[in-house]
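Step one of this worksheet: look at the structure below.
The residues of the chain are indexed from 1 along the displayed sequence.
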Amino acid sequence: MDDDLPADPVPVMLVTGVLGSGKTTLINHILNAAAGRRFAAIVNDFGAINIDEAILSASGRSVIGLKNGCICCSLQGDLLRTLRTILSHKPRVDGIVIEASGISDPRGIVAALFDPVLRDAVGLDSVVTVVDAEEHDVADGLWRTQIEAADFVVLSKADRVSDKALLGVRTLLHAMRKRTVFVVRQAADIPFDILFGNPPEQIEGVEASLPLHPAGERFVKLEWTSEGPVSLPAFQSGVQSFAAQLARGKGFLTLRERPGERFLFQLVGTRASLLPTTLPAPGSGPGSGVQLVFIGREDRFDARLAKAALDAIRLA
Ligand SMILES: Nc1nc2c(ncn2[C@@H]2O[C@H](COP(=O)(O)OP(=O)(O)OP(=O)(O)O)[C@@H](O)[C@H]2O)c(=O)[nH]1
């Protein structure tokens with residue numbers, strides 16, 4: 001181990017969950033709740049436009065985005081380099097939160113954290129899996145894998161379902177797990193000292209050589225930008241033409257109808273929202289214009305047609 005790496009392992013929390021489940025929202029909550037403690041967040045967005053980094057940076061904490069790939073597959077080297085950079089900072093951080101992209105197999109990331117150089121410097125404290133209480137596909141192998149790997153399952157969007165439906169999801173989650181899983185209704189219910197500082201039992205079956213899921217084969221992404229504002233009706237009808245094919249859409253918009261304002265667009269499953277925002281633009285991009293990322297399973301999402309529909313918005 002390098003001399004400049006800290007002697008005590010820095011606790012790491014890994015947050016997983018399928019696309020749009022609520023990982024960024026949860027991490028925002030954790031960073032805001034961590035008053036007086038120094039946390040670094042590493043976010044792994046699927047696209048080169050890192051919307052999550054832009055959302056989390058508003059918390060004022062150190063947030064580093066890993067772009068254009070999946071840290072359980074192609075970006076493991078980037079993750080390890082980023083961890084080493086964070087660990088070399090003085091004063092040292094009290095904890096590190098890693099947000100896996102919505103297509104990540106947590107076992108691959110856990111295996112990476114057992115890297116021989118880092119294993120004395122960072123300690124995996126917990127794997128937290130966010131489950132959308134409203135929309136989830138129990139037949140999805142990745143969803144099941146993420147739940148199997150979890151020390152905690154946080155149910156998001158519990159506010160959108162009935163108590164009966166919530167009980168149904170909780171019962172399902174408990175039935176899927178051989179060992180205890182903490183199912184909490186919202187992040188505020190997770191005791192902070194359990195998240196950081198108490199090593200959970202090691203995740204069963206984790207080995208350095210686990211087969212990793214071929215992320216690139218399952219999902220395609222489309223990134224679309226415009227330097228200027230777009231028309232709201234044209235945007236709505238353009239996105240509507242391919243929304244049913246999507247697993248996830250998000251990004252920032254400026255609209256011709258609302259000069260001087262910016263909006264955060266979110267689409268998960270059948271729900272879409274467009275809300276005014278004061279968040280900064282991703283990267284060093286200008287605050288005007290449009291930066292959007294769309295993700296869909298490759299057998300459903302025709303990114304070429306979607307791009308054509310979006311390009312037509314520019315002319316509208
Ligand atoms: N009503 C409600 N909405 C939520 C909750 N958690 C997240 N959302 C909304 O769900 C959408 C997706 O949330 P994110 O936190 O961006 O999800 P994510 O898992 O980080 O998404 P990806 O990184 O793209 O996979 C956003 O519109 C959130 O505001 C919740 O508990 N209740």
Side-chain angles (χ1 to χ4, degrees), residues 9-24 26-27 41-46 52 66 68-83 95-132 136-154 156 172-183 194-196 198-219 247 295 297:
V10 173
V12 172
M13 183 175 82
L14 174 62
V15 179
T16 75
V18 298
L19 290 163
S21 51
K23 299 177 292 295
T24 308
L26 171 69
I27 293 173
I42 302 174
V43 296
N44 177 209
D45 226 351
F46 195 68
D52 287 353
L66 300 177
N68 234 354
C70 170
I71 45 176
C72 77
C73 311
S74 56
L75 287 185
Q76 282 197 7
D78 283 1
L79 173 65
L80 297 182
R81 268 189 296 280
T82 303
L83 281 168
I96 299 171
V97 184
I98 302 176
E99 177 184 353
S101 80
I103 59 161
S104 292
D105 182 337
R107 294 172 303 179
I109 305 169
V110 171
L113 292 174
F114 284 90
D115 174 86
V117 179
L118 283 174
R119 62 184 305 161
D120 295 332
V122 293
L124 179 67
D125 254 41
S126 52
V127 177
V128 178
T129 297
V130 184
V131 168
D132 184 329
H136 48 264
D137 177 4
V138 293
D140 180 0
L142 181 58
W143 187 79
R144 300 184 80 88
T145 300
Q146 290 176 342
I147 289 163
E148 281 302 314
D151 297 297
F152 299 94
V153 174
V154 175
S156 65
L172 171 72
L173 291 170
H174 283 292
M176 282 174 65
R177 293 296 309 256
K178 291 183 202 73
R179 65 190 176 86
T180 318
V181 60
F182 297 87
V183 180
I194 290 185
L195 283 182
F196 287 100
N198 263 340
E201 54 188 302
Q202 204 167 319
I203 293 173
E204 293 154 18
V206 170
E207 292 165 21
S209 60
L210 278 170
L212 304 175
H213 80 92
E217 285 172 32
R218 295 185 56 203
F219 290 91
I295 304 163
R297 285 180 194 263

Between Ser21 and Ser156, does a side chain to side chain donor-acceptor pair (under 3.5 Å) hold up when you go through it step by step? CA-CA 7 Å; Ser21 51; Ser156 65; 5.9 Å; no
Does the side chain to side chain contact (heavy atoms under 4.5 Å, CB included) test come out yes or no for Ile42 and Val97, once each step is laid out? CA-CA 6 Å; Ile42 302 174; Val97 184; over 6 Å; no
Would you please test Ile27 and Glu99 for side chain to side chain contact (heavy atoms under 4.5 Å, CB included) and show each step? CA-CA 8 Å; Ile27 293 173; Glu99 177 184 353; 3.3 Å; yes
Kindly determine whether Ile98 and Val15 satisfy side chain to side chain contact (heavy atoms under 4.5 Å, CB included), including the steps that lead there. CA-CA 6 Å; Ile98 302 176; Val15 179; over 6 Å; no
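Counting only heavy atoms from C-beta outward, the side chains of Trp143 and Val138 approach each other to under 4.5 Å. Under the 4.5 Å side-chain criterion, counting only non-hydrogen atoms from C-beta, Met13 is not in contact with Asp125. You'll find the side chain of Ile96 reaches within 4.5 Å of the side chain of Leu83, heavy atoms only.
Here the closest heavy-atom approach between residue Ala100 and residue Thr16 is recorded as CB-CG2, 4.2 Å. Closest of all the heavy-atom pairs between Gly102 and Leu142 is O-CD2, 3.7 Å. Residue Val18 comes nearest to Gln146 through the heavy atom pair N-OE1, 3.1 Å, listed as atom of the first residue, atom of the second, then distance. Closest approach of Thr129 and Ala150 over heavy atoms only: OG1-CB, 3.3 Å. Taking all atoms of both residues into account, the shortest heavy-atom contact from Leu124 to Leu113 is CD1-CD1, 3.8 Å. Shortest non-hydrogen contact noted between Pro9 and Asp120 is CG-O, 3.6 Å.
A salt bridge is absent between Lys23 and Asp132; no separation between the charged side-chain nitrogens and carboxylate oxygens falls under 4.0 Å.
Of the inter-residue distances, the one linking Ile109 atom CD1 with Asn44 atom CG reads 6.5 Å to the nearest 0.5 angstrom. Considering OG of Ser126 and CG of Leu14, their distance stands at 8.5 Å, rounded to 0.5 Å. Separation of atoms CZ (Arg144) and CE (Met176) is listed at 4.0 Å; rounding is to 0.5 Å.
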